[in-house]
There are 2 protein chains.
Amino acid sequence: MLGMLRDAASGYDLRRAFNGGPRQFWVAELSQIYPTLQRMERVGWLTSRREPSARGPARRVYRRTAAGARELHAWLRSQPDIGPERLAYIGQIAFMGELRDLRSTLRFLTLLRDYFEALTGTLGFAGAAPGQTPERTDRLDDDAFHELLCVRVGARSLQGKIAACDEAISLVRAQLSRKRHQKEATRD
Amino acid sequence: MLGMLRDAASGYDLRRAFNGGPRQFWVAELSQIYPTLQRMERVGWLTSRREPSARGPARRVYRRTAAGARELHAWLRSQPDIGPERLAYIGQIAFMGELRDLRSTLRFLTLLRDYFEALTGTLGFAGAAPGQTPERTDRLDDDAFHELLCVRVGARSLQGKIAACDEAISLVRAQLSRKRHQKEATRD
DNA sequence: AACCGCATGTAACTCGTTACATGATTCC
DNA sequence: GGAATCATGTAACGAGTTACATGCGGTT
């Protein structure tokens, strides 16, 4: 949120920002955004002031203080922030053998693939188009260049996941047809 | 944890299981494992009994009930469980333009790449080796086959992330050398 | 005697979610 | 008049973390 507050914005604005682009990398509800903004104001990273809205009730608009900028830049200069990943669907795959039903596994992997495939469509942080080949990056300023970088990393990672599903799907198909052959051989 | 409890195990055993293999897909501390086992016993998915330990104090060994198995299998048969992903490092990349220091970005991406690279080494659920090409999967039973599937999906996804870092790194390098040239041109 | 690995737990706290409460303005 | 959008919040709960408390048994 500190990063998003390069320009002044309200909690409601931030939610819109979370819903377009970063949605895939970070989700946040209003009920989390508002208290967090209040806390960041208390510790001095933000200031706020009420402003009349173009339409609707008055807004509380936040902006970053010098201390907030220091905090953000310290985070950016520190190590990659790699929290504990929790991929429940990997666990599902691991234990799915218990179902003794490869067709169920196949359906599962196809759904997973479709989900990732659908995500690639929604990719696109701010102005950077997802499929766009990054030629002429020299025209971009630092901010736009890093946004593009972010989108490209996201897109490539997603491609990797789709490839992972594809490989798994073909492994399952192979296993399925092998089992069919074994069955026929037994019958003969 | 229900999935892991195919054979009876204690909380301490489960922690060991979390630390070897699934560590990359799911992390859990003892202080989360113990209360969760207690809760699952309360709702009837597990039963427990104390057993003397080969060395050390008495253990509480849990096993899955029929209700627990039903619950697990319902989860396995349901949709892929895709919780909200929260990748803070993607956010760092997105806002790193503010530092106005491409060299810092390059260092960051290299660290990220190294981290993913290191993870590939630790991959390997139970008996399935990571680099192992999945030929002769016909010899595997359903459980072993799905464990292999799980490892392959993890490995491929990781490869995608490494490729994503590599692409970003080369983009930054290109941008850096372009900036150098511009500087020289300005000086001339 | 000190330490390590085995073993089980509790307490306090943070983070995040769902659900609820409220009210202004605009468009149909 | 009613619905949708704009706008800000609180309450209750669940999930997860760090830190703490306790104690057995074997090795150095």
Side-chain angles (χ1 to χ4, degrees), chain A residues 1-2 4-5 8-20 22-43 45-63 71 75 81-88 91, chain B residues 1-5 7-20 22-43 45-63 71 75 81-88 91:
Chain A
M1 279 164 58
L2 276 178
M4 288 172 161
L5 281 169
S10 71
Y12 204 78
D13 293 336
L14 287 182
R15 192 202 50 171
R16 227 173 334 208
F18 273 114
N19 282 340
R23 181 166 74 269
Q24 304 165 49
F25 315 124
W26 200 274
V27 286
E29 304 297 327
L30 277 175
S31 55
Q32 188 191 355
I33 292 171
Y34 285 123
T36 306
L37 285 170
Q38 289 166 9
R39 206 194 70 221
M40 288 200 286
E41 184 169 22
R42 268 204 309 281
V43 300
W45 297 349
L46 301 178
T47 55
S48 77
R49 66 161 187 245
R50 291 195 83 89
E51 276 181 18
S53 168
R55 87 188 190 177
R59 303 148 45 79
R60 180 169 295 280
V61 174
Y62 290 87
R63 57 193 73 230
E71 192 65 26
W75 179 58
D81 189 343
I82 303 174
E85 264 193 272
R86 262 166 171 146
L87 304 176
Chain B
M1 277 163 58
L2 275 179
M4 288 173 163
L5 281 169
D7 306 311
S10 69
Y12 204 79
D13 292 336
L14 288 182
R15 192 202 49 171
R16 227 171 336 206
F18 274 115
N19 282 341
R23 181 166 75 270
Q24 304 164 49
F25 317 123
W26 202 274
V27 287
E29 304 296 327
L30 278 176
S31 55
Q32 189 191 354
I33 292 171
Y34 285 123
T36 305
L37 286 171
Q38 289 166 9
R39 207 194 68 221
M40 289 201 285
E41 184 170 22
R42 266 203 311 279
V43 299
W45 297 349
L46 301 177
T47 55
S48 77
R49 65 160 186 244
R50 291 195 84 89
E51 276 181 18
S53 167
R55 87 186 189 181
R59 304 148 43 79
R60 181 169 295 278
V61 174
Y62 289 88
R63 57 193 74 229
E71 192 66 28
W75 179 59
D81 189 343
I82 303 173
E85 265 193 274
R86 263 169 171 144
L87 304 175

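Model, not experiment: these values are computed from the prediction. Excluded from the calculations below are hydrogen atoms, water molecules and symmetry mates; all remaining heavy atoms, backbone and side chain alike, are included. Residue numbering restarts at 1 for every chain, and letters A, B, ... go by the order of the sequence lines.
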List, with names and distances, any nitrogen or oxygen atoms from the protein found under 3.5 Å away from nitrogen or oxygen atoms belonging to nucleotides 21-24 of chain C.
none

Determine whether the side chains of B:Arg59 and B:Ser53 contain a donor N or O and an acceptor N or O closer than 3.5 Å. no
Taking for B:Leu30 and for A:Ala28 the nucleotide of DNA chain C with the nearest heavy atom, the one nearer the 5' end belongs to B:Leu30
Show the numbers, then the answer: is there a side-chain contact (heavy atoms from CB on, under 4.5 Å) between B:Leu87 and A:Ile82? CA-CA 7 Å; B:Leu87 304 175; A:Ile82 303 174; over 6 Å; no
Distance in angstrom units between B:Arg50 CZ and C:dT8 P, rounded: 7 Å
For B:Ser53 and for B:Pro84, locate the closest nucleotide of DNA chain C by heavy-atom distance; then report the residue assigned to the nucleotide nearer the 5' terminus. B:Ser53
Pair B:Arg49 + B:Glu51: basic N to acidic O under 4.0 Å: yes
Quick one: label A:Ser31 by what it contacts on the DNA or RNA (base, sugar-phosphate, nothing), any heavy atom closer than 4.0 Å. base
May I ask you to verify if any side-chain N or O of A:Arg55 is less than 4.0 angstrom from the OP1 or OP2 atom of C:dT26? no
Quick one: on DNA chain D, does B:Arg39 or A:Gln38 contact a more 5' nucleotide (nearest heavy atom)? A:Gln38
A:Arg15 charged N/C atom sitting above A:Tyr12 aromatic ring, 6.0 Å / 45°: yes
Go through it in stages, so that I can follow the logic: the residues are B:Asp13 and B:Val61, the test is side-chain contact (heavy atoms from CB on, under 4.5 Å), and I'd like the CA-CA distance, side-chain angles, deciding distance and then a yes or no. CA-CA 9 Å; B:Asp13 292 336; B:Val61 174; 5.7 Å; no
B:Tyr12 atom OH is separated from C:dA7 atom P, nearest whole Å, by 7 Å
Interatomic distance, B:Glu51 CD vs C:dA7 C1' [rounded to whole Å]: 14 Å
Expressed as a whole number of angstroms, how long is the span from A:Glu29:CD to C:dC15:C1'? 13 Å
C:dG16 C1' sits how many Å from A:Arg86 CZ, rounded? 13 Å
Using a heavy-atom cut-off of 4.0 Å across all strands, would you classify A:Arg15 as base, sugar-phosphate, or nothing? nothing
Between which nucleotides of DNA chain D, read 5' to 3', does contact with chain A run, using atoms under 4.0 Å from its heavy atoms? D:dC6 to D:dT17
Nearest-0.5 Å distance that lies between atom CG in B:Leu2 and atom CE in B:Met4: 11.0 Å
With side-chain contact (heavy atoms from CB on, under 4.5 Å) as the criterion, how do A:Tyr62 and A:Glu41 come out once you've worked through the C-alpha distance, each side chain's angles and the decisive distance to 0.1 Å? CA-CA 8 Å; A:Tyr62 290 87; A:Glu41 184 169 22; 3.7 Å; yes
Strictly below 4.0 Å, N to O, side chains only: are B:Asp7 and B:Arg63 in salt-bridge contact? no
Does A:Glu85 form a side-chain contact (heavy atoms from CB on, under 4.5 Å) with B:Glu85? I'd like the steps, not just the answer. CA-CA 8 Å; A:Glu85 264 193 272; B:Glu85 265 193 274; 4.0 Å; yes
Rounded to whole angstrom units, what separation is found between the CZ atom of B:Arg59 and the P atom of C:dG5? 17 Å
Which is true for B:Ala54 with a 4.0 Å heavy-atom rule: it touches a base, it touches only sugar-phosphate, or it touches nothing? nothing
